[in-house]
2 protein chains.
Amino acid sequence: MPREEVVERLLTVFRDRGYDGASLAELSEATGLGKSSLYHYFPGGKEEMAGAVIAHLNEWLWVHALEPLTQPGAPARRIQRMVEALDECYAGGKNACVLGNMVVGAGRQIFQRELRKSFGAWIDALAKVLADAGQPPKQARERAEDAVIRIEGALILAGGLGEPTPFRRLLKRLPHDLLAD
Amino acid sequence: MPREEVVERLLTVFRDRGYDGASLAELSEATGLGKSSLYHYFPGGKEEMAGAVIAHLNEWLWVHALEPLTQPGAPARRIQRMVEALDECYAGGKNACVLGNMVVGAGRQIFQRELRKSFGAWIDALAKVLADAGQPPKQARERAEDAVIRIEGALILAGGLGEPTPFRRLLKRLPHDLLAD
DNA sequence: GTCTATAATAGGATAGAC
DNA sequence: GTCTATCCTATTATAGAC
């Protein structure tokens, strides 16, 4: 099995259980690999597995959600691309956010640097497209930050309520709110 | 030590570590009680401890943040009361949200009912004050939900970035955004 | 590369003395 | 009520055969 496939299966476990809640037993079951095989792929153990998952997610996020924000075209169109990518990534609000879940417990300390970088890149990319839309830099940054806040918060609320509707509602109004006068 | 004091100390551990990350060793250390003493207070073990923590937080949230929303007075003033309470509860963004962290991992299944009730009550109380301010019911509900989303999301982002500023910025603009035309 | 077996430790929980 | 001591299981991780 290609390493990327392994990482994608590990991702589902960290996404659903968080860093502390993800056990090697479940990681093994999700990949179909024995524990020792996992250590062959990731000598650093669980920490390295989670690191690979975060790196993989960052790559996905960049290619499918952030890079489209930097492409030529109308800002509204570019933002719509990101929204569609997020809708797929989070399965319309049924999936939790790996980054958001990593903030909890031991993951927070271990991956502080990566989390900072991931959230920072996200905000940067959004601020840029809003600046392209003619918004003053400070407003663009504040709204970009607010968008990430809302996405993460909507996934938390969807998880807490046990229904994805808050996230779906958010995605629907997000492009308008970002570009409103 | 009064039970309430014990629960408050347990709360700090679940808040910082999440449900899966909170170990009996740390819960014991935080309270200054041996494991057996904890089981004297909470025969149901860790699950009962976390349940007591959630109940305690709900009580605090109601008394300090939600009940003021229902009091007579100008909506803007009432909302300001809630904001001040949240600022204290989350230490200006330095503390995580117990409810938000409980959504991750095993806590999500175990406390689904409680989480649903907590978030629901919060949204209800906010929607009510916005309706009092003259907003149509649907708009009041959507904005109330959005406020909870933003609060939870801002705490996640603050945790991920390692700095409380996103939360502080959010609290500052929240009253205006809720009551805007 | 993947497996079985096993170590070593940490986890949640209980018994029983005081 | 609180402690010490202990139990059992799950957990992370490694060794070594194939």
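The sequence lines fix the lettering, A, B, ..., with proteins before strands; numbering per chain opens at 1.
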J.: Using heavy atoms and a sub-4.0 Å distance, could you list which residues of residues 5-30 of chain B are near DNA chain D? By number, please.
T.: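 Nothing qualifies; none.
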J.: Apply the side chain to side chain contact (heavy atoms under 4.5 Å, CB included) test between B:Ser118 and each candidate in B:Leu99, B:Leu57, B:Leu61, B:Ile123; give the one that qualifies.
T.: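 By the side chain to side chain contact (heavy atoms under 4.5 Å, CB included) criterion, B:Ser118 pairs with just one of B:Leu99, B:Leu57, B:Leu61, B:Ile123: B:Leu99.
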J.: At a heavy-atom distance below 4.0 Å, which nucleotide of DNA chain C is the first touched by chain B, and which is the last?
T.: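 The contacted stretch runs from C:dG11 to C:dA15.
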J.: Both atom distances under 3.5 Å, Watson-Crick or G-U wobble: I'd like the secondary structure of DNA chain C as a dot-bracket string, with | for pairs made across strands.
T.: ||||||||||.|||||||
J.: Can you tell whether the side chains of B:Asp177 and B:Arg150 come within less than 4.0 Å, N to carboxylate O?
T.: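 Salt bridge: yes.
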J.: Within the 4.5 Å heavy-atom criterion, are A:Lys128 and A:Leu69 side-chain neighbours or not?
T.: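 Of all side-chain heavy-atom pairs linking A:Leu69 with A:Lys128, none is under 4.5 Å.
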J.: Regarding A:Arg9 and A:Glu5, does a basic nitrogen lie under 4.0 Å from an acidic carboxylate oxygen?
T.: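 Looking at A:Arg9 and A:Glu5, the cut-off is met.
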J.: Run the salt bridge (charged side-chain N to carboxylate O under 4.0 Å, His left out) check on B:Asp132 and B:Arg78 step by step: do they pass?
T.: CA-CA 11 Å; B:Asp132 287 354; B:Arg78 295 191 250 165; 3.2 Å; yes
J.: Could you state the CD-C1' distance from A:Glu47 to D:dT11, rounded to the nearest angstrom?
T.: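 A:Glu47 atom CD is separated from D:dT11 atom C1' by 16 Å.
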J.: What are the two closest non-hydrogen atoms of A:Ala30 and A:Val13, and how far apart are they?
T.: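 A:Ala30 and A:Val13 have their closest heavy atoms at CB-CG2, 3.5 Å.
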J.: Report yes if the side chains of B:Met49 and B:Phe14 come closer than 4.5 Å at any heavy-atom pair, otherwise no.
T.: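 With C-beta onward as the side chain, the pair touches.
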J.: Exactly one of A:Leu157, A:Ile151, A:Leu86 should register a side chain to side chain contact (heavy atoms under 4.5 Å, CB included) with A:Leu170. Which one does?
T.: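 Only match with A:Leu170 under side chain to side chain contact (heavy atoms under 4.5 Å, CB included): A:Ile151.
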J.: If each of B:Gly32 and A:Gly45 is mapped to the nucleotide of DNA chain D with the nearest heavy atom, which maps nearer the 5' terminus, i.e. the 5' end?
T.: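 Result of the comparison: B:Gly32.
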J.: Can you tell me how far the OH atom of B:Tyr90 sits from the CG atom of B:Asn95, to the nearest 0.5 Å?
T.: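 B:Tyr90 OH to B:Asn95 CG: 9.5 Å, rounded to 0.5 Å.
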J.: Can you give me the closest heavy-atom contact between A:Arg15 and A:Val98, atom names plus distance?
T.: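 For A:Arg15 versus A:Val98, the nearest heavy atoms are CB-CG2, 3.7 Å.
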